[in-house]
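Only this structure's heavy atoms are used, side chains among them; waters, hydrogens and symmetry mates stay out. When a ligand or atom number is given, it counts from 1 through the structure's own listing order. Numbers for residues simply follow the sequence, beginning at 1.
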Amino acid sequence: MTSPLPSPSAASVLDLAPVVPVVVVPDAADAVPLARALVAGGLPAIEVTLRTPAAPAAIREIAGAVPEAVVGAGTVITPEQVTECRAAGARFLVSPGWTDALLAAMRASGVPFLPGVSTTSEVVALLERGVREMKFFPAEAAGGTAYLRSLAGPLPQARFCPTGGIGPDNAAEYLALPNVGCVGGSWMVPAEAVAARDWARIEELARAASRLAGPTGAGPTGAGPTGAGGTCR
Ligand code: 3PG
């Protein structure tokens, strides 16, 4: 099966791919085979978290050697990290939270971004700042699908990428919500498989994850034009 290629010019992180692998790369030398396994399994939008010193180099490696992937940076919490990740070639930015300083840096970065929220007031504060697309984190701990469904009534203009506690058993339930554009998670990149360089297993897990979005490979997307959410173009 051919992997769905995300549009390189997608204005929104939520429109890149329905399932975004959240990866931790301890050794940048593993970044390219890991990314190739995810792409081969049908998951071309890859979030490399800044949880290891190797992360910026891993982003650089993937950006340079795996053109079929759209590599982004996750766990971005400072303006300096925004600059560092963009210099490495990150094509989208994700944060578990946000501050006004971080938001300003993300807006100035020139690539799509997702600030993180876990409460209604944070959602309203982002809407007030013109941002309509957000990461909902930690999704399961913060209320899961019931919480997101409850937000869709009063705040239909907000769209989310939930992550945190999502896996094969509940991803489809999230993707079925009208205010969810994609889901993120680490279940298809288990730390032990990365350590063992078991790329075949990661490809297999990625393929199963890509099928959770449905036969078309496309998750439901919310209404609304791009450009006013976590977007910059
Ligand atoms: C994230 O940073 O988005 C989460 O840590 C991913 O959560 P998970 O490991 O529970 O999938």
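- At a threshold of 4.0 Å, the pair Arg201-Glu192 counts as salt-bridged, since one of the basic side-chain nitrogens sits closer than that to a carboxylate oxygen.
- With salt bridges taken as basic N to acidic carboxylate O contacts below 4.0 Å, one links Asp27 and Arg197.
- Residues passing the side-chain contact (heavy atoms from CB on, under 4.5 Å) test with Gln81 are Leu50, Val76, Ile77, Thr78, sequence neighbours excluded.
- Protein residues with a heavy atom closer than 4.0 Å to ligand 1 are Val22, Arg51, Lys135, Phe137, Thr163, Gly164, Gly165, Gly185, Ser186, listed by chain and number.
- The aromatic rings of Phe136 and Tyr147 sit parallel, their planes meeting at an angle under 30°, below the 60° perpendicular limit.
- Counting all heavy atoms, side chain and backbone alike, Pro44 lies closest to Glu68 at CB-O, 3.7 Å.
- Between Thr163 and Lys135, the side chains place a donor N or O and an acceptor N or O closer than 3.5 Å (distance only, hydrogens not considered).
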